[in-house]
Structure formats: C-alpha cells, structure tokens
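A quick write-up on the structure given underneath.
Along the sequence shown, residues carry numbers from 1.
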Amino acid sequence: MKILANDGISDLGKQELEENGFEVLTTKVAQNQLIDYINKHQIDALLVRSATQVRKDIIDGCPSLKLIGRGGVGMDNIDVDYAKAKGLHVINTPAASALSVAELTFAHLFTGVRFLHNANRDMPLDGDTRFNELKKDYNNGVELRGKTLGIFGFGRIGQAVAQIAIGLGMKVLPYDPSVAEATITLSFFDGQKVSFDIKTVEKERVLMESDFITLHSPMQNSYLIDEKEINMMKDGVGIINLARGGVLSEAALLHAFEHGKVAFAGLDVFENEPQPSIHVLMHPQISLTPHIGAATLEAQDRISSELATQIVNLLK
C-alpha cells in the first residue's frame, strides 16, 4: 500500500510505516495537481497537516483513497463528514502536539510581558548607541506569577496550558461549553505529582477577570473574540491566539491597540494565511510566529508515530 505524506512526516513515523510494509512518498504535490498524482500512483492513504486541503473534489476524484490522516488536532481543512460518508477512514492526532502548543503559548506570553519581540528588533539596530534609552523603554515589564489566565478551549491543549500556568503560580479560568471539569496533574522531576480539579466557568467571567487570555478553540462560524468581547476585558489585557485564524478578529484587535485596551498580542495563526495582513505583521505590539505551534522535533515524532499506529491498525 502507498501513503502520500503531502505535508511531510518525521523519519520515525516513516520508518514505522515502512517496517509494516507501506511505501511512503514524501513528494510535496501542489494542490491543483493532487488528484492526478494520487490517481497516477494509486495512493491508498493521504497524510496532511494544515497546508493541504482535502475537499470533496479530491475525495470524489481519487477512488484509490482509503484513509485521510491529519497530523494535528483541527481538521477544518478536511471535509470529514463527507469522507466518512464515502467510506474513508479519517484520523488525526489530538494529543501528540498539546505540550508543544502550550509551550509556544507561554513563549508568546513571556515575550509580551517583557517586550522581547521589540527588544530583539531594537537591540541589533540601536543597542550600541541607545542602550540606556532602550533600557528605560523596556523597564516596566510584569510577572506572570499571581496573574489570572483565561483559557478559551479546555481540551488537551487548553489543559496543557493550564498545567504550565499552575506551575508558574497563575490562577486559571477556563471556558469550554463542552467540558465541565478537568483534572490537571503536575509531574515533577523527582516523581512527585500534584493534581488540581479545575472547573470551567462562563465566558463573561473569563473575559472580565483575566489578565491574559489565550485561545485554543476549534474553528468557529463567527469570531469567538470580536469587539464586543474585547470591550468586556480588563484594560491592558494580553491576548494569545494559537487556535485558528478567524477565531480572533484582527480588525477588532488592531482597533483595541489604538485605544489602549489591549497591551500586546501573540499570534501564531492568521485570518489570511499564508498571506497575513501587513498591518498585523508590522504592528509593534504583536509577537509573531508562522503557525509553528506543533513544530517541535518531539511533537513531530509523536504525531507521525501516532498516525503510523492508527494506519497500521486500520489498513492492515
């Protein structure tokens, strides 16, 4: 059987599949050439990340396909229900990247409260001539300890974010209409463990009481955070979006910067990927990364290995 990993696969996952008799192709095929390539090579399984779109045209046009796999959590780039109705297996890896996304969340949080995104721009240019001025510019950072972190989306990623936040001494306020409570367990280097039962709260409370808000919800039909929600937040709030472009209104965010409502934002996802708004990219109060939440070596190995295990179980 042949597998096309169109958005890449780690060596570990490729090896596990090949050891089980699968041929793994890692050619990056353009979206408009995908149907012809799959049919020419009689591909049985198509593996994607967020770049490749698997819509009805591919599902209908590629009769050899038996399985579609998404390396990651969200599957908004796949017509999941339609594929399943056509008899295809559709799989993803919801747990494999949670820690990596959570750690990047805090990379953006630490960056925002200590102005690292701007300091790293200014120091190479002016550090040798304006050192004391820059020191004054960036001398009013704040600590995360003791602050309240609002978490929108309390699935695996949101819970991993809560785990780090609790370890830092933060109070967490999660919101998720589909989750009532979760047990957050902190594991330490010496084998000790401490568990906390965290209950979700109403959306309005998260908005009004949080010092920082981080987004980990699936794609929405409308903005989860728009002007109305931002106006309910504390003045000087920080907002981090590692969910999906379109969960947070970028227009409302830019407007909030102008009026001093939001102190900083950290964005890993954008409304117009892969061509984000230039106004967002150039804004001095935004810490930016190019959709790399799950892009750690450890997460890629976990993702690929989890996909391989599911494929072997389903297709052999």
Side-chain angles (χ1 to χ4, degrees), residues 1-101 103-104 155-157 160 218-219 244 269 273-274 290-316:
M1 288 188 174
K2 293 182 180 180
I3 297 173
L4 173 61
N6 204 47
D7 295 335
I9 188 171
S10 77
D11 291 340
L12 176 63
K14 185 172 184 287
Q15 178 183 338
E16 290 179 6
L17 287 167
E18 289 174 343
E19 288 175 351
N20 281 277
F22 293 92
E23 180 182 351
V24 182
L25 307 178
T26 57
T27 303
K28 174 60 179 175
V29 182
Q31 185 75 43
N32 62 358
Q33 299 173 6
L34 203 51
I35 293 175
D36 289 342
Y37 187 93
I38 290 171
N39 290 332
K40 177 180 178 181
H41 295 274
Q42 288 296 288
I43 300 298
D44 297 280
L46 173 62
L47 305 184
V48 302
R49 295 294 305 277
S50 58
T52 302
Q53 303 289 311
V54 188
R55 301 302 180 194
K56 293 180 180 180
D57 60 331
I58 292 176
I59 296 166
D60 287 337
C62 301
S64 65
L65 278 182
K66 302 176 181 67
L67 180 145
I68 301 166
R70 163 71 161 95
V73 182
M75 294 198 288
D76 44 275
N77 57 322
I78 301 171
D79 287 337
V80 176
D81 292 338
Y82 188 77
K84 289 181 176 179
K86 290 288 186 176
L88 277 69
H89 299 291
V90 183
I91 61 175
N92 67 340
T93 59
S97 59
L99 180 59
S100 294
V101 177
E103 288 191 357
L104 185 61
R156 289 177 177 87
I157 294 173
M219 180 65 76
R244 284 288 183 269
V269 291
E273 287 186 35
H291 204 151
I292 57 169
T296 62
L297 297 177
E298 295 87 350
Q300 295 309 305
D301 277 346
R302 289 193 298 268
I303 287 169
S304 298
S305 183
E306 188 175 327
L307 283 174
T309 298
Q310 293 184 71
I311 291 168
V312 170
N313 290 337
L314 290 169
L315 297 187
K316 286 200 69 174

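Under the side chain to side chain contact (heavy atoms under 4.5 Å, CB included) criterion, E19 pairs with Q15, not counting sequence neighbours. Take T93 and apply the side-chain hydrogen bond (donor to acceptor under 3.5 Å, both in side chains) test, not counting sequence neighbours, and it matches no residue. With sequence neighbours left out, V269 forms a side chain to side chain contact (heavy atoms under 4.5 Å, CB included) with N241, E273, H291. By the salt bridge (charged side-chain N to carboxylate O under 4.0 Å, His left out) test, E23 is found to be paired with no residue, residues two or more places apart in sequence or in another chain being considered. Scanning for side-chain hydrogen bond (donor to acceptor under 3.5 Å, both in side chains) contacts around D301 gives S10, with sequence neighbours left out. Under the side chain to side chain contact (heavy atoms under 4.5 Å, CB included) criterion, L314 pairs with L67, H89, I91, not counting sequence neighbours. When the side chain to side chain contact (heavy atoms under 4.5 Å, CB included) test is applied to D7, the partners found at least two apart in sequence or on another chain are K28, V48, R49, A51, T52.
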Identify each donor-acceptor pair in which a side-chain atom of residues 40-47 lies under 3.5 Å from a protein atom, sequence neighbours left out, and give them as a table.
| from | atom 1 | to | atom 2 | distance (Å) |
| --- | --- | --- | --- | --- |
| Q42 | NE2 | N39 | O | 2.9 |
| D44 | OD1 | K66 | NZ | 2.5 |
| D44 | OD2 | K2 | N | 2.9 |

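Closest approach of G72 and I303 over heavy atoms only: N-CG2, 4.3 Å. Heavy atoms only, all atoms of each residue included: A294 and A299 are closest at O-CB, 3.3 Å. The minimum heavy-atom distance linking C62 with I35 is given by the pair SG-CA, 3.8 Å. Shortest non-hydrogen contact noted between S304 and I9 is OG-CG1, 3.4 Å.
L25 places none of its side-chain heavy atoms less than 4.5 Å from the side chain of I3. Residues Q300 and S305 form no side-chain contact, since every pair of their non-hydrogen atoms from C-beta on lies 4.5 Å or further apart.
Between E298 and R302 no salt bridge is recorded (no basic side-chain N to carboxylate O distance below 4.0 Å).
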Before you tell me yes or no, could you show the steps for V80 and V54 under side chain to side chain contact (heavy atoms under 4.5 Å, CB included), namely the whole-Å CA-CA distance, both residues' side-chain angles and the distance that decides it to 0.1 Å? CA-CA 9 Å; V80 176; V54 188; over 6 Å; no
Determine, stepwise, if the pair L65 / I58 fulfils side chain to side chain contact (heavy atoms under 4.5 Å, CB included). CA-CA 9 Å; L65 278 182; I58 292 176; 4.2 Å; yes
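Panel note: side chain Q53, backbone Q31; no donor-acceptor pair is recorded below 3.5 Å. Remark: the backbone N or O of G74 is paired with a side-chain donor or acceptor of R70 at under 3.5 angstrom. Between the side chain of N6 and the backbone N or O of V29 there is at least one donor-acceptor pair closer than 3.5 Å.
Between atom CD of residue E16 and atom CD1 of residue I311 there is a gap of 10.5 Å, rounded to the nearest 0.5 Å. To the nearest 0.5 Å, atom CD1 of residue I68 and atom CD1 of residue I78 are 6.0 Å apart. In this structure, L4 CG and L34 CG are separated by 6.5 Å, a value rounded to the nearest 0.5 Å.
Listed by first and then second residue, the side-chain hydrogen bond (donor to acceptor under 3.5 Å, both in side chains) pairs involving residues 71-83 are R55-D79, D60-Y82, D76-R244 (not counting sequence neighbours).
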